[in-house]
Amino acid sequence: MRGTLALAAGIVLLASAAVAARDCRGTLYLTLDTGNMAHAEAIAATLARHDVRATFFLANEKTPRGDHALDAGWKDYWAARAREGHAFGSHTWRHGKALGDAPGGAVVFRPEFPAGPAETLSADAYCAELKRVDEAFRTYAGRGLDPIWRAPGGRTTPNALAAARSCGYRHVGWSPAGFLGDELPSETHPNHALVDRAVRNVKDGDVLLMHLGIWSRKEPFAPMLDELLVRLEARGFCFATIPERG
């Protein structure tokens with residue numbers, strides 16, 4: 001009996017030590033928009049090394065493989081991220097920007113994949129843009145999206161927000177200091193400067209934004225994620241997903 005109690009006490013002490021090791025001086029929320037997916041695998045490996053759970057916002061964007069991010073060829077990628085415990089939201093199916101509102105709760109919407117002229121979407125049609133991502137992801141991952149979304153470019157309108165709320169999606173933006181700048185020109189915003197700025201400026205509760213790949217950036221930012229996480233962890237930050245923020 002005494003041996004059993006001693007073993008139990010030892011387990012409690014080990015558990016307490018593990019909790020203490022995870023004590024944080026602040027929490028950050030790393031979010032990842034699909035982008036072109038060029039660095040998706042490398043980013044996933046970096047998150048796994050650091051045991052960081054992130055929040056992915058998915059759109060069916062074109063990739064360098066000649067397919068799209070929510071095609072069946074990406075099934076294993078999304079299923080693996082779901083098993084790892086990340087969170088997932090909609091980024092609209094066609095990565096379309098809300099340009100303005102129209103009568104009757106409609107949204108003026110310009111799709112990017114495939115690119116096309118502006119359309120006027122009813123509230124139901126706008127919801128369908130969000131929910132189509134959920135349908136594809138559910139097929140691949142065996143679970144649906146979390147009830148969150150992010151407008152491409154962060155551009156929302158009152159009607160877009162209302163339409164999304166009507167079908168259960170809460171909008172998630174990012175913090176000013178959490179804008180990591182991976183979509184900016186690398187000639188004027190080199191990687192080391194972007195990392196230094198983020199490490200210097202982010203604070204408890206900030207939502208960070210980067211992408212799984214950017215077509216226009218000559219010096220990809222994704223390889224800097226490891227250094228960024230190391231330095232933020234050294235500042236005492238831990239990471240959580242958007243649904244954990246409440």
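Keep in mind that this is a model prediction, so the values were computed, not measured.
The distance from the SG atom of Cys238 to the CD atom of Glu233 is 8.0 Å, given to the nearest 0.5 Å. Put simply, CZ on Phe56 and NE2 on His86 are 5.0 Å apart, with the number rounded to the nearest 0.5 Å. For the atom pair OG1 (Thr157) and NZ (Lys97), the distance works out to 14.0 Å, reported to the nearest 0.5 Å. Residue Asp206 holds its CG atom at 7.5 Å from CZ of Phe237, rounded to the nearest 0.5 Å. Taking NZ from Lys62 and CG from Asn36, the interatomic distance works out to 10.5 Å, rounded to the nearest 0.5 Å. Taking CD of Glu61 as the reference point, atom NE2 of His211 lies at 7.5 Å (rounded to 0.5 Å).
The main-chain N or O of Thr139 is never found under 3.5 Å from a side-chain atom of Trp78 such that the two would form a donor-acceptor pair. A distance-only check finds no donor-acceptor pair linking the side chain of Ser175 to the backbone of Ala177 [under 3.5 Å]. A donor-acceptor contact shorter than 3.5 Å is absent between the side chain of Asn159 and the backbone of Asp101. Between the side chain of Arg53 and the backbone N or O of Glu84, at least one donor-acceptor pair lies under 3.5 Å. Arg25 places a side-chain N or O within 3.5 Å of a backbone atom of Arg235 that can act as its donor or acceptor partner. Between the side chain of Arg94 and the backbone N or O of Gly116, no donor-acceptor pair lies under 3.5 Å. Ser90 contributes no side-chain N or O that, together with a main-chain N or O of Val133, makes up a donor-acceptor pair within less than 3.5 Å. The closest donor-acceptor contact from the side chain of Tyr140 to the backbone of Ala72 lies under 3.5 Å.
Contact detail for Ala136 and Trp93: the closest heavy-atom pair is CB-CZ3, 3.8 Å. Residues Ala82 and Ala141 share a closest heavy-atom pair of CB-CB, 3.8 Å. Nearest heavy-atom pair, Ala198 versus Leu228, reported as atom, atom and distance to 0.1 Å: CB-CD1, 4.0 Å. Nearest heavy atom pair, residue Pro111 against residue Pro117, reads CD-O, 3.5 Å. For Gly96 against Phe109, the heavy-atom pair with the smallest separation is CA-CZ, 3.3 Å. Taking every heavy atom of both residues into account, Cys167 and Leu130 meet most closely at SG-CD1, 4.4 Å.
By the side chain to side chain contact (heavy atoms under 4.5 Å, CB included) test, Pro185 pairs with Glu187, Thr188, His189, sequence neighbours left out.
In this structure, Tyr169 is not a member of the same hydrophobic cluster as Ile148, with clusters built from ILVMFWY side-chain heavy atoms closer than 4.5 Å. Each of Leu28 and Leu209 belongs to its own hydrophobic cluster when Ile, Leu, Val, Met, Phe, Trp and Tyr are linked at side-chain heavy-atom distances under 4.5 angstrom. If you chain together hydrophobic residues whose side chains sit under 4.5 Å apart, Leu32 and Tyr29 never meet in one group. In the hydrophobic clustering of ILVMFWY residues, with side-chain heavy atoms under 4.5 Å counting as a link, Phe113 and Met37 come out apart. In terms of hydrophobic clustering, with Ile, Leu, Val, Met, Phe, Trp and Tyr side chains grouped at heavy-atom distances under 4.5 Å, Phe239 and Met224 are assigned to a common cluster.
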Could you go step by step and tell me if Asp134 and Trp149 meet the side-chain contact (heavy atoms from CB on, under 4.5 Å) rule?
CA-CA 11 Å; Asp134 179 86; Trp149 75 292; over 6 Å; no
Derivation and outcome, side-chain contact (heavy atoms from CB on, under 4.5 Å), residues Leu184 and Phe221:
CA-CA 10 Å; Leu184 300 174; Phe221 181 77; over 6 Å; no
For Leu225 and Ile43, run side-chain contact (heavy atoms from CB on, under 4.5 Å): C-alpha distance rounded to whole Å, both residues' side-chain angles, the deciding distance at 0.1 Å, then the answer.
CA-CA 7 Å; Leu225 179 59; Ile43 288 172; 3.8 Å; yes
Decide side-chain contact (heavy atoms from CB on, under 4.5 Å) for Ile242 and Asp146; before the verdict, give the C-alpha distance in whole Å, the side-chain angles of both, and the deciding distance to 0.1 Å.
CA-CA 9 Å; Ile242 293 295; Asp146 296 285; over 6 Å; no
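Note: His91 and Phe57 have tilted aromatic rings, judged against thresholds of 30 and 60 degrees for the angle between ring planes. Ring-plane geometry between Phe137 and Phe88 is classed as tilted, the angle between the planes lying from 30 to 60 degrees on a 0 to 90 degree scale.
Side-chain contact between Arg65 and Asp71 is absent, with no heavy atoms from C-beta onward closer than 4.5 Å. Annotation: side chain of Asp33 is not in contact with side chain of Leu212 (no heavy-atom distance under 4.5 Å). Within the 4.5 Å cutoff, the side chain of Leu145 has no heavy atoms near those of the Lys131 side chain.
Asp226 and His50 form a side-chain donor-acceptor contact under 3.5 Å, judged by distance and modelled atom types alone. Using modelled atom types, one finds no donor on one side chain facing an acceptor on the other under 3.5 Å when comparing Asn60 with His68.
Ionic pairing of Arg231 and Asp196 is present here: one or more N-O contacts between side-chain nitrogen and carboxylate oxygen are shorter than 4.0 angstrom.
Counting heavy-atom neighbours within 6.0 Å of Arg110 CZ, excluding the residue itself, gives a total of 12 or less.
A side-chain contact (heavy atoms from CB on, under 4.5 Å) with Thr55 holds for exactly one of Thr241, Val207, Leu208; it is Thr241.
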